[in-house]
Colleague: 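Below are the structure tokens for one structure; questions will follow.
Note that ligands are numbered from 1 as they come in the structure, with each ligand's atoms numbered from 1 the same way.
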Amino acid sequence: MNITTLAGGVGAARFLEGLIQIVPQEDITVISNTGDDEDFFGLRVSPDIDIVIYTLAGAINTETGWGLAGETFRALEALGRFGYETWFGLGDGDLATHVHRTNMLHNGATLSQATRSIVEAFGLRLTLLPVSDDRIRTIVETVAGETLAFQEYFVKRRTEDEVRDVRFDGIETAQPAPGVLEAIANADIIAIAPSNPVVSIGPLLAVTGVREALRTTRAKVVGVSPIIGGKTIKGPADRMMASLGMTPTAVGVAEAYRDFLDVLVIDEEDRALAPAIEATGIRPVVTQTIMRGPAEKRALAETVLAAVR
Ligand code: FO1
């Protein structure tokens with residue numbers, strides 16, 4: 001059974017931790033957001049790709065949900081001496097990943113090839129595809145009229161700015177990476193991870209052909225709402241959806257995916273929203289979606305697969 005997951009960062013990684021407990025990694029393809037990617041000190045950093053790899057390899061810093069466990073930050077401190085900005089927490093071990101990725105890109109490899117190399121080096125056997133090998137940059141326009149690169153908005157400014165608009169620079173010409181459309185067309189099940197619908201899943205859906213592939217695939221498409229009781233566990237999805245005129249609830253998630261989603265898994269807390277989701281033409285499945293430990297991650301993955309089997 002082939003399962004393709006559309007993924008952002010932390011929420012997706014936690015969902016995938018459950019999935020790999022019940023499905024062989026060889027049967028899983030993850031299509032990853034690259035709109036968060038940024039260059040620091042000339043190095044290409046791909047946070048959502050790395051968060052998924054580090055998490056599934058058991059190497060993640062579980063307190064933050066990003067970066068490597070037991071990191072030191074000596075190189076970053078030393079870079080600060082030269083006047084570089086150091087607000088983006090790149091640890092010493094993490095830097096090696098970015099050096100390797102950037103080196104491969106400089107030598108003519110694609111982001112897909114560099115990603116495969118990192119996946120293998122961390123001992124994983126699933127297929128992890130960046131949604132595109134072409135550069136896509138998520139840009140946030142604030143109500144105050146500023147234009148911020150995603151990491152500036154997310155990390156430097158701690159998501160404090162009110163968002164007026166979000167755009168994906170490069171999206172008009174970005175082509176799906178090799179294997180992306182095939183992984184959607186040939187999957188038995190497609191799972192949309194509990195990630196931010198605007199800035200994590202949004203860039204994936206905006207790449208030429210991806211949304212159409214989701215609409216026409218023979219696979220069942222099941223999503224997990226990242227919004228519980230009108231709030232996100234982590235990140236600004238609720239506030240962002242509200243300021244962009246979307247309904248900041250599981251119903252808003254259903255509306256955002258209504259043209260391709262068959263089932264939306266929502267939390268017990270949102271049971272009362274089930275009829276409104278049903279009204280969008282999507283079947284709601286109510287379960288416990290907060291993933292604290294390995295058993296809860298596994299249970300959520302089991303519910304997601306059972307919902308469309
Ligand atoms: N998130 C933070 O909130 N602060 C950081 O300093 C930070 C550093 C960082 C370094 C490498 C990496 O792969 C991710 C990092 N993140 C950091 C997470 C990242 O900004 C976001 O979680 C994703 O872009 C959103 O999915």
Colleague: When you look at F73 and T86, which way does the side chain to side chain contact (heavy atoms under 4.5 Å, CB included) test go after all the steps?
Modeller: CA-CA 10 Å; F73 292 85; T86 56; over 6 Å; no
Colleague: Is ligand 1 under 4.0 Å from a heavy atom in the side chain of N33, in the backbone, in both, or in neither?
Modeller: neither
Colleague: Does W87 have its ring centroid less than 6.0 Å away from the ring centroid of F40?
Modeller: yes
Colleague: Using heavy atoms and a 4.0 Å limit, tell me yes or no: is D94 in contact with ligand 1?
Modeller: yes
Colleague: Can R239 and T159 be said to form a side chain to side chain donor-acceptor pair (under 3.5 Å), step by step?
Modeller: CA-CA 9 Å; R239 284 177 286 127; T159 76; 2.9 Å; yes
Colleague: Please state which protein non-hydrogen atom is closest to atom 20 (O) of ligand 1 and give its distance, to 0.1 Å?
Modeller: Q151 OE1, 2.7 Å
Colleague: Under a 4.0 Å heavy-atom limit, does D48 contact ligand 1 with its side chain, its backbone, both, or neither?
Modeller: side chain
Colleague: With nothing but distance in play, are any N or O atoms of K234 less than 3.5 Å from an N or O of ligand 1?
Modeller: no
Colleague: Which heavy atom of the protein is the closest neighbour of atom 13 (O) of ligand 1, given with residue, atom name and distance?
Modeller: P47 CA, 3.3 Å
Colleague: Heavy atoms only, cut-off 4.0 Å: how does T64 contact ligand 1, side chain, backbone, both, or neither?
Modeller: neither
Colleague: So, are R167 and D169 salt-bridged, with charged N and O less than 4.0 Å apart?
Modeller: yes
Colleague: Can you find an N or O of W66 that's nearer than 3.5 Å to an N or O of ligand 1?
Modeller: yes
Colleague: Does a salt bridge link D37 with R44, judged by any charged N lying under 4.0 Å from a carboxylate O?
Modeller: no
Colleague: Consider every N or O of D36 and every N or O of ligand 1, then say whether any pair is closer than 3.5 Å.
Modeller: yes
Colleague: So does R218 have more than 12 non-hydrogen atoms from other groups sitting under 6.0 Å from CZ?
Modeller: yes
Colleague: Geometry only, no angles: is G89 polar-contacting ligand 1 at N/O separations under 3.5 Å?
Modeller: yes
Colleague: I51 heavy atoms, cut-off 4.0 Å: which ligand 1 atoms fall inside?
Modeller: 22 (O)
Colleague: For atom 21 (C) of ligand 1, what's the nearest protein heavy atom and its distance?
Modeller: F154 CE2, 3.6 Å
Colleague: Would you please test T97 and Y54 for side chain to side chain donor-acceptor pair (under 3.5 Å) and show each step?
Modeller: CA-CA 11 Å; T97 304; Y54 294 173; 2.7 Å; yes
Colleague: To check your reading of the model: name the closest protein heavy atom to atom 10 (C) of ligand 1, its residue, and the distance in Å.
Modeller: F88 CE2, 3.3 Å
Colleague: Okay, side chain of E38, backbone of A149: is any donor-acceptor separation there less than 3.5 Å?
Modeller: no
Colleague: Could you check whether any side-chain N or O of N33 sits under 3.5 Å from a backbone N or O of I201, counting only pairs where one atom can act as donor and the other as acceptor?
Modeller: no
Colleague: Counting both backbone and side chain atoms, is some N or O of S46 under 3.5 Å from an N or O of ligand 1?
Modeller: no
Colleague: Is it the case that D267 and T289 place a side-chain donor and acceptor less than 3.5 Å from each other?
Modeller: yes
Colleague: Under 4.0 Å, counting heavy atoms only: does W87 come that close to any atom of ligand 1?
Modeller: yes
